[in-house]
Protein chains: 2
Amino acid sequence: MRPMNLEDIARKAGVSRSTVSRVINHEAYVSERTRQRVLQVIEAESFSPNQAAQMLARGRTFVMGVVVPHETGAFFDDPFYFPTLLRGVTEVANQRDYATLLWLGDASLEGTRFYRRVLQNRLMDGLFVSTAPTDGILLDWLLELHIKFVVAERPVHSADRISYVTVDNVGAAIMVTEHFLRLGRRRIAHIVGRRTNIDALDRLAGYRQALARAGCPVDEALIEDGYFTRRGAYEATLRLLPHRPDAIFAAHDQMAVGVLQALHRAGRRVPEDVAVIGFDDLPTATEVSPQLSTVRQPVHEKGAQATRLMLDMIDGSVTEPQHLLLPTELVVRETCGGTSP
Amino acid sequence: MRPMNLEDIARKAGVSRSTVSRVINHEAYVSERTRQRVLQVIEAESFSPNQAAQMLARGRTFVMGVVVPHETGAFFDDPFYFPTLLRGVTEVANQRDYATLLWLGDASLEGTRFYRRVLQNRLMDGLFVSTAPTDGILLDWLLELHIKFVVAERPVHSADRISYVTVDNVGAAIMVTEHFLRLGRRRIAHIVGRRTNIDALDRLAGYRQALARAGCPVDEALIEDGYFTRRGAYEATLRLLPHRPDAIFAAHDQMAVGVLQALHRAGRRVPEDVAVIGFDDLPTATEVSPQLSTVRQPVHEKGAQATRLMLDMIDGSVTEPQHLLLPTELVVRETCGGTSP
DNA sequence: AATCTAAATGGGAGCGCTCCCAGAACCTGA
DNA sequence: TCAGGTTCTGGGAGCGCTCCCATTTAGATT
């Protein structure tokens with residue numbers, strides 16, 4: 001049997017299609033009596049309007065998209081970052097009565113084919129981009145197609161034309177490095193996340209800047225790639241050890257765990273021999289021993305703020321590109337004790 | 001400016017609306033010459049059809065939904081399970097050209113309000129239900145509304161009317177418990193996941209069955225609740241210790257980690273004093289020391305198979321409720337060594 | 001009661017597609 | 001050459017809403 005439509009409800013309530021529509025959309029100019037009668041019928045028939053028709057007629061979908069490119073790997077590498085971000089997004093979407101279309105990049109799909117699918121889908125009023133690999137062209141395409149979107153990362157280029165919400169990664173990395181320096185550490189190593197990730201690059205940049213500022217020469221042998229994986233960081237640490245680091249700044253907590261494991265295996269004491277600081281403040285940070293010092297960033301809030309911004313762009317209350325920097329905080333725990341080596 | 005529509009493309013290509021529609025939908029009966037001309041225009045204008053209109057006209061949306069009730073907590077507790085499941089779902093959805101609408105339960109939303117939103121959304125051809133709390137009414141509502149759906153868990157009731165894909169949790173728990181028995185353990189404890197979760201209840205049931213079968217009386221003091229959290233399991237273990245367990249079966253790996261931590265703190269050796277087995281075989285299992293023995297279940301496959309089943313139900317190639325049980329495997333690592341206490 | 005205004009209601013048009021039917025164009029073979 | 005089929009093409013109707021305008025009704029004011 002055909003599902004009910006406005007007309008059916010109208011007939012049952014003895015009113016017109018238009019009136020039912022008004023009731024459903026909470027419009028003014030409906031008498032209280034009529035409203036109640038209509039609501040009763042709607043309830044009785046457990047009717048809800050056909051959204052495709054609404055979309056078509058309104059030219060608005062009340063659907064937003066979330067893209068997670070596959071390259072990020074975030075979904076696997078970092079078991080908390082992405083889900084937390086996603087919660088922030090969906091919470092705001094729920095609040096504002098938006099539905100969320102999820103686009104998870106697929107390893108089996110060539111990158112551009114995936115993007116094509118996303119971009120050709122005209123079902124979304126706007127798009128939340130969790131991360132945009134620096135070697136990707138997604139953002140350029142989005143700009144070109146005049147799609148409203150917000151990125152949860154600093155875009156490498158065209159940043160003035162793009163809205164984004166992120167944290168000051170450079171500043172946070174400076175904070176970490178200076179903390180090590182203050183503790184008297186001089187052979188500070190950094191394990192880079194991924195060279196196609198702007199957060200990772202910014203953290204690297206901050207690390208370099210802090211050393212430069214302190215007049216410390218940067219020893220390139222103390223910079224290794226960890227690819228945002230625990231295993232990658234584990235191996236990076238083993239490569240690092242011959243160069244006698246007394247501190248290691250890992251670009252995220254999951255990698256920091258790998259660092260701790262490698263140090264443990266190599267018989268180095270933490271923090272006495274080597275101090276360690278991570279990034280993100282995942283639950284893991286307090287679950288490892290010794291407990292991990294790290295940089296806390298408001299991931300949930302990042303998703304929420306970015307989504308708010310995007311929905312504001314959709315309904316026109318924000319028209320210019322906005323850039324939001326959320327605060328970070330150095331959380332000192334056991335892995336970066338105050339003692340010198 | 002108004003976005004292009006079929007008519008615009010038709011005009012530019014010198015054909016009719018219908019012909020353009022045929023080309024877009026790969027229908028037969030379009031001459032090769034015309035097809036090429038139309039495709040060229042479409043490409044040039046980077047046109048893609050308005051999906052709202054397609055949905056309305058077709059009565060099909062090619063959108064599927066994914067529900068994750070909030071109560072599950074899975075999103076936080078177990079950092080891998082849900083994301084992995086989700087990947088399985090979206091991969092198949094991508095393959096079959098479905099978009100995925102994500103419904104993440106929201107703590108701030110009362111349960112039924114959340115469900116109402118999901119159910120009233122008439123944008124989906126079908127629904128993937130990741131988990132259905134045993135005290136919930138989601139499944140009943142779905143049945144009542146004749147919505148096509150598949151659950152990634154065994155439903156507590158009406159199971160014969162519901163399609164689901166899961167693993168044999170009872171069997172797996174029996175496997176674990178019998179493994180302990182074979183190793184000579186006699187005071188085997190179990191840490192229950194959550195009493196509103198059928199997987200958890202089935203694992204508990206399997207544990208009981210295996211003991212009963214072996215003629216071992218079940219000591220209720222050896223059964224504790226861990227609420228599917230590491231912390232919960234940690235505390236459960238501490239409560240368990242006075243009852244001198246020589247083996248602990250945790251209902252999932254994250255909890256097993258909590259068990260290991262508690263045992264470590266209490267100075268118990270693993271596996272010599274207490275053997276431990278978890279469930280899921282998350283990456284964590286090999287990242288802890290000693291490495292965790294566990295039950296491997298094909299989570300990704302579960303999501304994929306369930307989605308396939310659901311899409312088959314939508315397009316009518318499957319009409320009867322189907323029940324799929326995917327295989328599990330006991331992965332023996334270090335936490336359940338062969339030595340007796 | 002008559003007048004004016006504001007509130008309440010109904011219905012046509014249109015959103016951009018698909019589906020179906022009618023008809024044109026093309027091909028075959030007698 | 002023409003009938004008879006197949007292939008191709010065009011356009012009307014309709015999907016279920018919203019939006020707007022026209023009209024009716026109720027309420028306030030004299």
Side-chain angles (χ1 to χ4, degrees), chain A residues 1-42 45-63 97 99 120-125 315, chain B residues 1-42 45-63 97 99 120-125 315:
Chain A
M1 82 216 162
R2 178 181 58 78
M4 290 247 159
N5 62 26
L6 279 198
E7 211 87 47
D8 298 326
I9 301 297
R11 204 171 316 114
K12 297 214 182 214
V15 294
S16 77
R17 185 172 27 99
S18 303
T19 301
V20 178
S21 172
R22 286 191 192 94
V23 171
I24 287 179
N25 297 299
H26 310 102
E27 280 172 34
Y29 299 133
V30 181
S31 73
E32 195 47 35
R33 267 196 48 210
T34 314
R35 155 168 279 114
Q36 289 307 330
R37 191 147 29 97
V38 171
L39 283 176
Q40 215 167 320
V41 177
I42 289 179
E45 307 290 334
S46 66
F47 169 80
S48 48
N50 180 313
Q51 308 211 327
Q54 289 186 312
M55 291 175 178
L56 181 57
R58 293 205 256 236
R60 278 277 296 273
T61 64
F62 285 93
V63 171
D97 269 311
Q120 294 204 337
N121 189 295
R122 289 182 41 197
L123 209 53
M124 302 170 287
D125 288 336
D315 64 26
Chain B
M1 84 217 162
R2 179 181 56 80
M4 290 245 158
N5 62 25
L6 278 196
E7 210 87 47
D8 298 325
I9 300 297
R11 204 172 316 114
K12 296 215 183 213
V15 294
S16 78
R17 187 171 27 98
S18 304
T19 301
V20 178
S21 172
R22 287 190 191 97
V23 171
I24 287 179
N25 297 300
H26 310 103
E27 280 172 35
Y29 298 133
V30 181
S31 75
E32 195 46 35
R33 267 195 49 208
T34 314
R35 155 167 279 115
Q36 288 307 330
R37 192 147 30 97
V38 172
L39 283 176
Q40 215 165 321
V41 178
I42 289 179
E45 307 289 335
S46 68
F47 169 81
S48 49
N50 180 313
Q51 308 210 328
Q54 289 185 312
M55 291 175 178
L56 181 57
R58 295 205 255 237
R60 278 278 295 274
T61 63
F62 285 93
V63 171
D97 269 309
Q120 294 204 338
N121 189 296
R122 289 182 42 197
L123 210 54
M124 303 170 287
D125 288 336
D315 66 25

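Letters go in sequence order (proteins before strands), and every chain restarts at 1.
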From CD (Gln54(A)) to CD (Gln51(A)), nearest 0.5 Å:
6.0 Å

Is there a side-chain polar atom (N or O) of Asn5(B) under 4.0 Å from OP1 or OP2 of dC15(C)?
no

What's the closest nucleotide to the Tyr29(A) side chain, out of dT9(C), dT9(D), dC17(C)?
dT9(C)

Selection from dT9(C), dG16(C), dC19(C) that lies nearest to any side-chain heavy atom of Val30(A)
dT9(C)

Does a side-chain N or O of Asn25(B) approach OP1 or OP2 of dT18(C) to a distance below 4.0 Å, or not?
yes

Asn5(B) versus Asn50(B): any side-chain heavy-atom pair under 4.5 Å?
no

Whether the side chain of Arg17(A) and the base of dG12(C) hold a donor-acceptor pair under 3.5 Å is what I'd like checked.
yes

Asp315(B) side, atom CG; Phe62(B) side, atom CZ - distance, nearest 0.5 Å
8.5 Å

Using a 4.5 Å cut-off on heavy atoms from C-beta on, say whether the side chain of Arg58(B) contacts that of Asn25(B).
yes

Nucleotide of dA8(C), dT9(D), dC17(D) approaching Arg122(B) most closely (side-chain heavy atoms):
dC17(D)

Roughly how many Å is it from CD1 in Ile24(A) to C1' in dC19(D), rounded to a whole number?
15 Å

Is any side-chain heavy atom of Val15(B) closer than 4.5 Å to one of Arg22(B)?
no

Closest to the Ser21(A) side chain: dG10(C), dT18(D), dT9(C)?
dT18(D)

Between Arg58(A) and Ala28(B), which is nearer to the 5' end of DNA chain D once each is assigned its nearest nucleotide?
Ala28(B)

Closest to side chain of Arg22(A), choosing from dG11(C), dG16(C), dG10(D):
dG11(C)

Could you give the CE-to-C1' distance, from Met55(A) to dC19(D), as a whole number of Å?
18 Å

Whole angstrom is fine here: how far is it from CD in Glu7(A) over to C1' in dG14(D)?
13 Å

Using whole Å, what does the distance between atom C1' of nucleotide dC15(C) and atom CZ of Arg2(B) come to?
10 Å

Calculate the interatomic distance between Arg35(B) atom CZ and dT7(D) atom P; express it in whole Å.
14 Å

Give a yes/no answer on whether the side chain of Thr19(B) brings an N or O atom under 4.0 Å of OP1 or OP2 in dG10(D).
yes

How long is the line joining CG of Leu123(A) and P of dG16(C), in whole Å?
15 Å

Check the distance between dG16(C)'s C1' and Ile9(B)'s CD1 and give it to me in whole angstrom.
12 Å

In whole angstrom, what separates Phe62(B)'s CZ from dT18(C)'s P?
11 Å

If you only use heavy atoms from C-beta on, which nucleotide in dG11(D), dC19(D), dG16(C) is closest to the side chain of Ala53(B)?
dG16(C)

Proximal nucleotide (of dT18(D), dG10(D), dT9(C)) relative to the Gln54(A) side chain:
dT18(D)

How about Val63(A) and Met55(A): do any of their side-chain heavy atoms sit closer than 4.5 Å?
yes

Any donor-acceptor pair under 3.5 Å between the side chain of Ser18(A) and the base of dG11(C)?
yes

Look at the side-chain N and O atoms of Ser31(A) and state whether any lies under 4.0 Å from the OP1 or OP2 oxygen of dA26(D).
no

Minimum-distance nucleotide to Thr34(A) side chain [options: dT9(C), dG10(C), dG10(D)]:
dT9(C)

